[in-house]
Chemist: 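Got a structure for you, questions after.
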Protein chains: 2
Amino acid sequence: MTLPLSTYTKLMRAAESVTSRTSRPMSDAGLTISQFGVLEALLHRGPLCQKDIAAKILKSSGNITMVIDNLVKRCLVRRERSETDRRFITIHLTPEGSSLINEVFPQVSAAIVDNMAILSSEEQELLGQLCRRLGRQD
Amino acid sequence: MTLPLSTYTKLMRAAESVTSRTSRPMSDAGLTISQFGVLEALLHRGPLCQKDIAAKILKSSGNITMVIDNLVKRCLVRRERSETDRRFITIHLTPEGSSLINEVFPQVSAAIVDNMAILSSEEQELLGQLCRRLGRQD
DNA sequence: GTCTAATATTTTAATATCAAACAATAAAAC
DNA sequence: GTTTTATTGTTTGATATTAAAATATTAGAC
């Protein structure tokens, strides 16, 4: 296999490996990766409309409707129609949602830190720089 | 955000970016990423049982049943029950499947090479080594 | 040899994903 | 001001994804 293809394969495997090793706290809390992504975005950025959430977690907006639906069913978030522009629906964490994500996020975060610790700080910096160049360019 | 979390985020974004930029030839051929993965595995490794295919494309075996079902519907692969151990089902490319993957794979491959070319060979080597250390460790 | 454990696949139920069509609303053009 | 265009979100239809239970088959224990 040529260098670019082999590098791409390793990149994909690394991303999938770290994710699968760090998603246990999510599934233990009954959250899917997308649900966790939504709650985390709301935790760190405050209330957001669905379009912004979709952009943050890189999913289509049709999809977000369903993810939010399932979070609403579990009373972890609530929808609030904007008064000024009725096209927008702002999503808010409920107290239950806030409590859950405040408990789960540190666990996931700690697992990611643990996993990345295979690389030194310098290596992580370097990896981040290389990845950023592949990520941008849109 | 701390270095490990920021590095992880960049890793994920890079993997998703390159994949989304290189999957056009697949969707143009009416193939999902998983369907492409199955056909590619069969192209490069020859006939495989479903368990081995699942391991190759990192998906659950329950899932593979459906992906293969959809490929069979389009006559791109066929199932063949093993005579020696009837638990195994070996999946073979049909002539149509072989023809399709032989057309699509080089396109995807070329797109990946193009995308990775943002990095020099040395940088790709380095990225591959860093990613491999994150990927292994199971 | 029979019973038990292991393996390969399928099924089921719930959620996710995307693309495309649709509905509602707002902004811009005229 | 009405019409056109753009934006936000929902719905629909097809496929994917996982976990867990079920099925079929083989291998191992006794």
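Note that the coordinates shown come from a computational prediction; the quantities given were computed from them, not determined experimentally. Both backbone and side-chain heavy atoms feed into the values below; hydrogens, waters and symmetry mates do not. Chain A is the first sequence line, chain B the second, and so forth, proteins listed ahead of strands; every chain is numbered from 1.
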Chemist: Expressed in angstrom and rounded to an integer, what is the separation of A:Ile57 atom CD1 from C:dT17 atom C1'?
Modeler: 11 Å
Chemist: Ignoring hydrogens, what is the shortest heavy-atom contact between A:Gly97 and A:Leu93? Give both atom names and the distance.
Modeler: C-CD2, 4.0 Å
Chemist: Taking the side chain as every heavy atom from C-beta outward, state whether A:Ile57 and A:Ile64 have any atom pair closer than 4.5 Å.
Modeler: yes
Chemist: Any side-chain heavy atom of B:Leu127 within less than 4.5 Å of one from B:Met116?
Modeler: yes
Chemist: Looking at D:dA16, C:dT10, C:dA16, which one has an atom nearest to any side-chain atom of A:Gln35?
Modeler: C:dA16
Chemist: Touch check for A:Thr32, heavy atoms < 4.0 angstrom, all strands: base, sugar-phosphate only, or nothing?
Modeler: sugar-phosphate
Chemist: If you check every side-chain atom of B:Ser34, which of C:dT7, C:dT10, D:dT17 has the closest atom?
Modeler: D:dT17
Chemist: For A:Glu16 and D:dT17, give me the distance from atom CD to atom P, rounded to whole Å.
Modeler: 10 Å
Chemist: With a cut-off of 6.0 Å (strictly less than), are more than 12 heavy atoms of other residues, nucleotides or ligands near CZ of A:Arg74?
Modeler: yes
Chemist: If you check the B:Arg87 side chain, which of D:dT10, C:dT15, D:dA24 turns out closest?
Modeler: D:dA24
Chemist: Are A:Leu11 and B:Leu11 packed together at the side-chain level, in the sense that at least one heavy-atom pair is separated by less than 4.5 angstrom?
Modeler: yes
Chemist: Roughly how many Å is it from CD1 in B:Ile33 to P in D:dA16, rounded to a whole number?
Modeler: 11 Å
Chemist: Whole angstrom is fine here: how far is it from CD1 in A:Ile91 over to C1' in D:dG9?
Modeler: 10 Å
Chemist: Checking contacts here: which listed nucleotide (D:dT10, D:dT26, D:dT8) is nearest the side-chain heavy atoms of A:Lys51?
Modeler: D:dT8
Chemist: Find the distance B:Ile89:CD1 to C:dT7:P and express it as a whole number of Å.
Modeler: 18 Å
Chemist: Taking N or O atoms only and anything under 3.5 Å, show me the protein contacts with nucleotides 18-20 of chain D, one pair per line.
Modeler:
unit_1	atom_1	unit_2	atom_2	d
D:dT18	OP2	B:Ser60	N	3.1

Chemist: Quick one: side chain to side chain contact (heavy atoms under 4.5 Å, CB included) partners of B:His44, sequence neighbours excluded?
Modeler: B:Glu40, B:Phe105
Chemist: For A:Arg79 and D:dT10, is the shortest distance between a side-chain N/O and OP1 or OP2 below 4.0 Å?
Modeler: yes
Chemist: Of all the nucleotides listed (C:dA26, D:dT25, D:dT15), which has the minimum atom distance to the side chain of B:Asn70?
Modeler: D:dT15
Chemist: Side chain of B:Val67, heavy atoms from C-beta onward: which of C:dA8, D:dT17, C:dT25 has the nearest atom to it?
Modeler: D:dT17
Chemist: Nearest-Å distance, CG (B:Leu31) to P (D:dT15)?
Modeler: 12 Å
Chemist: Mind calculating the distance between CD (B:Gln50) and P (D:dT25) to the nearest angstrom?
Modeler: 15 Å
Chemist: Whole Å only: how far is the CZ atom of B:Arg86 from the P atom of C:dT9?
Modeler: 13 Å
Chemist: Please tell me which of A:Met66 and A:Phe88 maps to the more 5' nucleotide of DNA chain D, matching each residue to the nucleotide holding its nearest heavy atom.
Modeler: A:Phe88
Chemist: If you count heavy atoms of other groups shown closer than 6.0 angstrom to CZ of A:Arg86, is the number above 12?
Modeler: no
